[in-house]
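Chain A is the first sequence line, chain B the second, and so forth, proteins listed ahead of strands; every chain is numbered from 1. No experiment lies behind these values; they were computed from the predicted model shown.
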2 protein chains.
Amino acid sequence: MGSSDHRTTARILDILETIASVQDGVSLSDLSRSLAIPKSSLHPLLCTLAERRYLHYLQREERYYLGENVFVLGNKYVNNHDILEQIKDVMQQVNQSTGETLYFGVLSKRDVLYLAKADLHSQFRVVSNPGNKLPAYSTGYGKALLSQFMPDQIHSLYPEGDLKPLTPQTVRNVEQLNVQLEGIRATGFAYEKGESTTGIQCVAVAIKVEGQVLAGMSIAVPEFRYTKEREEQFKTLLDDARAQIQRIIAGNRSQWIYSGEYNR
Amino acid sequence: MGSSDHRTTARILDILETIASVQDGVSLSDLSRSLAIPKSSLHPLLCTLAERRYLHYLQREERYYLGENVFVLGNKYVNNHDILEQIKDVMQQVNQSTGETLYFGVLSKRDVLYLAKADLHSQFRVVSNPGNKLPAYSTGYGKALLSQFMPDQIHSLYPEGDLKPLTPQTVRNVEQLNVQLEGIRATGFAYEKGESTTGIQCVAVAIKVEGQVLAGMSIAVPEFRYTKEREEQFKTLLDDARAQIQRIIAGNRSQWIYSGEYNR
DNA sequence: GAACACTGTTCCTATATACGAACAACAAGG
DNA sequence: CCTTGTTGTTCGTATATAGGAACAGTGTTC
């Protein structure tokens, strides 16, 4: 449990994350500069990562790119267990009866990690793909997930107090956020009104099993299709789907590996 | 380009791969035994990986699992570029007009890595998910990809000569494989008859840009729905989709990062 | 309840790795 | 053509890391 920092391990992760964050590859010297690691130290690490296909080195460009095996490894995170497939089935039923997109995700520190979606019957192109992270306070299901925390916990999660906004609609400070979270705890529903993407509104719920909030789910709707009447329909469907998913998770508790935080 | 083996890097990858290969997590001592690394050496590596959320440690089980960030990293491999989305669109058109599932993948050493599929309008549950690898010789698009190699190259790829079969229908040695590859080069189409999954037949093509084979694509059909007439339809549609995809890749050549081998 | 098997943890030094500097290979610019 | 900028590569030693052995919990067995 000790928080011993192993430099080499941290470096390898830094390397992979740096290369992942850039579209057009990174050269050895680029990496050396941006991570403040000598080229001579970097070199053997990169060679081994490339040999194992976690990186590709394009000689003609003198640049490193991610290799296939990060994709292979990353997919093992979701493919080893079929619980997510069952959850997606439930989401697809709601998607089918509403025509709107469903999102499902978990908390990763202060971010919300988007694990799955259902948008087979939706009219719009995908906005985002699984594997992406967003600040929890900026999304509907992020706020549903945060609603498990009391004001003081939220304060210690965001010691700065200010929240970086993604759109003009995003909550800007912890006090406002806490007011919203109180409302979510009272009603069981979280709302997002263009706070992560302008023009998109969401209704969201928290997935709770044995008193622990494990995940969040939202339905995302373009503003111009969002009415009070439909909102009631979304809430009914979401609440029903929530119950089904909670039963699925409760029945496969050991398969739930998607949020380490709460089952230590 | 030197193949210097960096022990620590190799160990970290071994750790991640070992944990990924098991359903129910691995304990520190398990890892120590299976990788022949002292527990005391393993310990700081695992702590750092867990701190960075590439692993989760469940205290009540005393076991390590994959963490979210392997998923985040792995998805960057496909999400950074939208070329795959365009390719999926083409595949979905074929899927819509046939009702059968389309697969798309690239070569990774001797394996075929499955990158995308289109099965919105298919009658059967998913067999496999993206991120999986299979022996190239056992699948239709794998053989399409291998067809770029001449007999002597195939021999040096499989020095043993024998090929481990997945089903009774899988090719069992390099000589038989070379005969099939010759046929694929002549006709442009590869066939799979229950060689990776009993009861599933495939027609496949190689995606070729500027003389380089970059990817493979197949249409997978249950045996009982497979007829000579439909086969002709599949070939026409596949060939057309192949041409479209080749144009997409040619127009976004710099976005193609999915097979390091051939563009060094 | 003592003995054992199993976890994970800590310590200290032998040893493998990291790093500065020097080198090579190539391109751009004057 | 020499300069100055890239790029990656190679060395030898200073230094950080690895690993044996001992320790500390927890659960099971007899």
* Structure fact -> Nucleotide by nucleotide, nucleotides 20-25 of chain C touches protein heavy atoms under 4.0 Å in the pattern (B base, S sugar-phosphate only, - none) B-----
* Residues which pass salt bridge (Lys or Arg N to Asp or Glu O under 4.0 Å) with B:Lys76, listed by chain and number, not counting sequence neighbours -> none
* To do: Using side-chain contact (heavy atoms from CB on, under 4.5 Å) as the criterion, list what pairs up with B:Glu210, not counting sequence neighbours.
  => B:Arg253
* Between residues 20-28 of chain B and DNA chain C, which residues have a heavy-atom gap below 4.0 Å? -> B:Ser27, B:Leu28
Donor-acceptor contacts under 3.5 Å from residues 7-14 of chain A side chains, at least two apart:
from, atom 1, to, atom 2, distance (Å)
A:Asp14, OD1, B:Arg52, NH1, 3.2
A:Asp14, OD1, B:Arg52, NH2, 2.8

* **B:Glu182: salt bridge (Lys or Arg N to Asp or Glu O under 4.0 Å) partners, not counting sequence neighbours** => B:Arg185
* To do: May I ask you to decide if the ring planes of A:Tyr77 and B:Phe71 are parallel, tilted or perpendicular, using 30° and 60° as cut-offs?
  => tilted
* **side-chain contact (heavy atoms from CB on, under 4.5 Å) against B:Ala206, all qualifying residues, sequence neighbours excluded** => B:Ala144, B:Val213
* Pairwise side-chain contact, A:Ser34 with A:Thr18, heavy-atom cut-off 4.5 Å (strictly under) -> yes
* To do: Go through the structure and list residues passing salt bridge (Lys or Arg N to Asp or Glu O under 4.0 Å) with B:Arg247, not counting sequence neighbours.
  => none
* Check salt bridge (Lys or Arg N to Asp or Glu O under 4.0 Å) between B:Lys133 and all other residues, then give those that pass, not counting sequence neighbours. => none
* Asked: For the helix from C:dG8-D:dC23 to C:dG30-D:dC1, what is the angle between the axes at its two ends, each from 5 pairs, rounded to 10°?
  -> 40°
Write out a two-atom table: protein N or O, nucleotide N or O from nucleotides 12-16 of chain C, distance below 3.5 Å.
from, atom 1, to, atom 2, distance (Å)
C:dA16, O3', B:Arg7, NH2, 3.3

* To do: Check side-chain contact (heavy atoms from CB on, under 4.5 Å) between A:Ala215 and all other residues, then give those that pass, not counting sequence neighbours.
  => A:Phe104, A:Val106, A:Ile207, A:Trp256
